[in-house]
Amino acid sequence: MSTLNNIIDIFRLFFPKHCPVCLGHIDNESQLICTKCMVDAPLTGFENLANNPVAERVWNMIPIERGCSLLFYVHEGLWRNLAYEFKFRGQWHRALAAGRMMGQMLAQSPLWAHIDSVAAVPLHKARTLSRGYNQSDFLAQGIAESMNIKYLRGVLKRNANTPPQRLAAKEQRWDNVKDAFSVARPELLRGRHLLLVDDVFTTGATMVSCGEAILREVPDCHISIATLFASKQEVGIKD
């Protein structure tokens, strides 16, 4: 972690920090988001609700303990800039900071107290090489740091280089990720309560497929899920 922090410090010397939401300047180096944007953040509050739309959607398909997304993803809203920065613009340090924020929010709710480890939904090797990193790895790493739980790197594997879910029609997303995942190191998941992390929740297909692979190979692993964003439309929230 100290190496990552040193890299981030060097990065900021050459690239002044700005708010990834409104693109305004941030004076406080400890902030991920400027104060104004935090006040206006599209928070879901799902981390404090055992029965919430994300958890209920996944409960219908696989047995998870808890599920939530922290923010609503609004296509015409400024907050989508944060996702774009760490997903498509190489700003991996934003994902790490966002993960720390996620971990702080989850740690404040007793619903998440029994989780003892965290892992990210994996990208295929080809996609990771193309992008240079998996943004969900940094989200998971930040969560582990804030919640003081074990970060499990490389325990899950993506077997197929499936097309990006955002480019697929809704009905194709389930086929895209069917049997796409496997467990690389099952011994690290046995008896764990694992928090499975991804950046955006839409149909839930990716999370469900990944969770199915875990439960098939490690049936005594308890799974909870968390994403930074959720699509309002997909989870049935009307404006």
Side-chain angles (χ1 to χ4, degrees), residues 19-22 30-87 94-121 135-136 138-149 193-208 210-211 222-239:
C19 175
V21 177
C22 69
S30 66
Q31 286 183 272
L32 167 65
I33 307 297
C34 74
T35 301
K36 181 182 183 302
C37 288
M38 281 304 302
V39 170
D40 296 333
L43 298 171
T44 66
F46 290 171
E47 73 277 10
N48 296 311
L49 300 173
N51 299 321
N52 66 69
V54 169
E56 290 171 353
R57 172 71 66 88
V58 180
W59 279 336
N60 289 332
M61 292 172 281
I62 58 172
I64 63 168
E65 303 290 325
R66 298 279 182 251
C68 80
S69 299
L70 281 300
L71 298 162
F72 288 120
Y73 185 91
V74 183
H75 286 279
E76 64 274 12
L78 290 175
W79 271 84
R80 69 176 184 171
N81 291 338
L82 174 60
Y84 278 25
E85 285 225 343
F86 65 63
K87 196 165 185 174
R94 303 283 194 197
L96 181 64
R100 290 171 180 158
M101 180 181 72
M102 291 176 69
Q104 290 168 3
M105 294 173 70
L106 294 175
Q108 292 172 5
S109 171
L111 295 176
W112 305 84
H114 299 294
I115 291 169
D116 56 35
S117 54
V118 57
V121 170
Q135 70 278 355
S136 295
F138 286 104
L139 289 174
Q141 191 170 343
I143 289 172
E145 179 184 329
S146 291
M147 296 185 73
N148 195 27
I149 58 178
H193 186 165
L194 177 73
L195 180 63
L196 185 60
V197 174
D198 206 0
D199 53 353
V200 181
F201 184 96
T202 51
T203 62
T206 300
M207 280 289 195
V208 169
C210 199
H222 298 274
I223 300 174
S224 291
I225 68 164
T227 67
L228 180 59
F229 291 103
S231 164
K232 272 189 174 184
Q233 179 180 0
E234 293 292 348
V235 299
I237 302 295
K238 296 181 179 180
D239 293 322

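Values reported hereafter were calculated over all heavy atoms of this structure, with side chains retained and with hydrogens, waters and symmetry mates removed. Bear in mind the structure is a predicted one, so any value in this text is a computation, not a measurement.
The SG atom of C68 sits 5.0 Å away from the CG atom of L106 when rounded to the nearest 0.5 Å. Rounding to the nearest 0.5 Å places CE of M147 at 10.0 Å from CE of M102. The CD1 atom of I62 sits 9.0 Å away from the CE atom of M207 when rounded to the nearest 0.5 Å. Atom CE in M105 sits 11.5 Å away from atom OG in S146 (nearest 0.5 Å). Rounded to the nearest 0.5 angstrom, L96 CG and L139 CG are separated by 8.5 Å. The CD1 atom of I64 lies 10.0 Å from the CD atom of E56; values are rounded to the nearest 0.5 Å.
Residues satisfying the side chain to side chain contact (heavy atoms under 4.5 Å, CB included) test with N60, not counting sequence neighbours, are none. Partners of A55 according to the side chain to side chain contact (heavy atoms under 4.5 Å, CB included) rule, which considers only residues two or more places apart in sequence or in another chain, are N52, W59. The side-chain hydrogen bond (donor to acceptor under 3.5 Å, both in side chains) check on D199 picks up K87, Q135, with sequence neighbours excluded.
Pairs passing the salt bridge (charged side-chain N to carboxylate O under 4.0 Å, His left out) check and including a residue from residues 104-115, sequence neighbours excluded, do not occur. Every pair passing salt bridge (charged side-chain N to carboxylate O under 4.0 Å, His left out) that includes a residue from residues 32-45 is listed here, sequence neighbours excluded: K36-D40.
The two atoms that bring I33 and P20 nearest to each other are CD1-CG, 3.7 Å, heavy atoms only. Of all the heavy atoms in C210 and V121, the pair that sits closest is SG-CG2, 4.4 Å. Residues C19 and C34 come closest through the heavy atom pair SG-N, 3.5 Å. Closest non-hydrogen pair, A83 versus Y73, comes out as CB-CE1, 4.1 Å. Pairing each heavy atom of A41 with each of L71, the nearest pair is CB-CD2, 4.2 Å. When all heavy atoms of V54 and G67 are compared, the closest pair comes out as CG1-C, 4.2 Å.
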### Task
Evaluate the side-chain contact (heavy atoms from CB on, under 4.5 Å) criterion for residues F201 and T206: first the C-alpha distance (whole Å), next the side-chain angles of each, then the deciding distance (0.1 Å), finally the verdict.
CA-CA 8 Å; F201 184 96; T206 300; over 6 Å; no

### Task
Kindly indicate, with the supporting measurements, whether the criterion side-chain contact (heavy atoms from CB on, under 4.5 Å) is fulfilled by I225 and L195.
CA-CA 5 Å; I225 68 164; L195 180 63; 5.6 Å; no

### Message
T227 vs D198, test: side chain to side chain donor-acceptor pair (under 3.5 Å). Steps then yes/no.
### Response
CA-CA 5 Å; T227 67; D198 206 0; over 6 Å; no

#### Entry: F229 and L70: CA distance, side-chain angles, deciding distance, side-chain contact (heavy atoms from CB on, under 4.5 Å) verdict
CA-CA 6 Å; F229 291 103; L70 281 300; over 6 Å; no

### Query
Would F72 and F46 count as a ring pair (Phe, Tyr, Trp, His ring centres under 6.0 Å) if you check the C-alpha gap in whole Å, the side-chain angles of each, and the deciding distance to 0.1 Å?
CA-CA 10 Å; F72 288 120; F46 290 171; 5.7 Å; yes

### Query
Going through the distances and angles, do L228 and V200 end up as a side-chain contact (heavy atoms from CB on, under 4.5 Å)?
CA-CA 6 Å; L228 180 59; V200 181; over 6 Å; no

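By the 4.5 Å heavy-atom criterion applied to side chains, S109 and N48 are counted as neighbours.
Using a distance-only test at 3.5 Å, with no hydrogens or angles considered, a donor-acceptor pair links the side chain of S224 to the main chain of R66.
In this model, no donor atom of one side chain and acceptor atom of the other lie less than 3.5 Å apart for S231 and T202.
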Can you give me every donor-acceptor pair (side chain of residues 110-118, partner residue at least two apart or in another chain, under 3.5 Å) with its distance?
| from | atom 1 | to | atom 2 | distance (Å) |
| --- | --- | --- | --- | --- |
| W112 | NE1 | E47 | O | 2.9 |
| D116 | OD1 | H193 | N | 3.2 |
| D116 | OD2 | H193 | N | 3.4 |

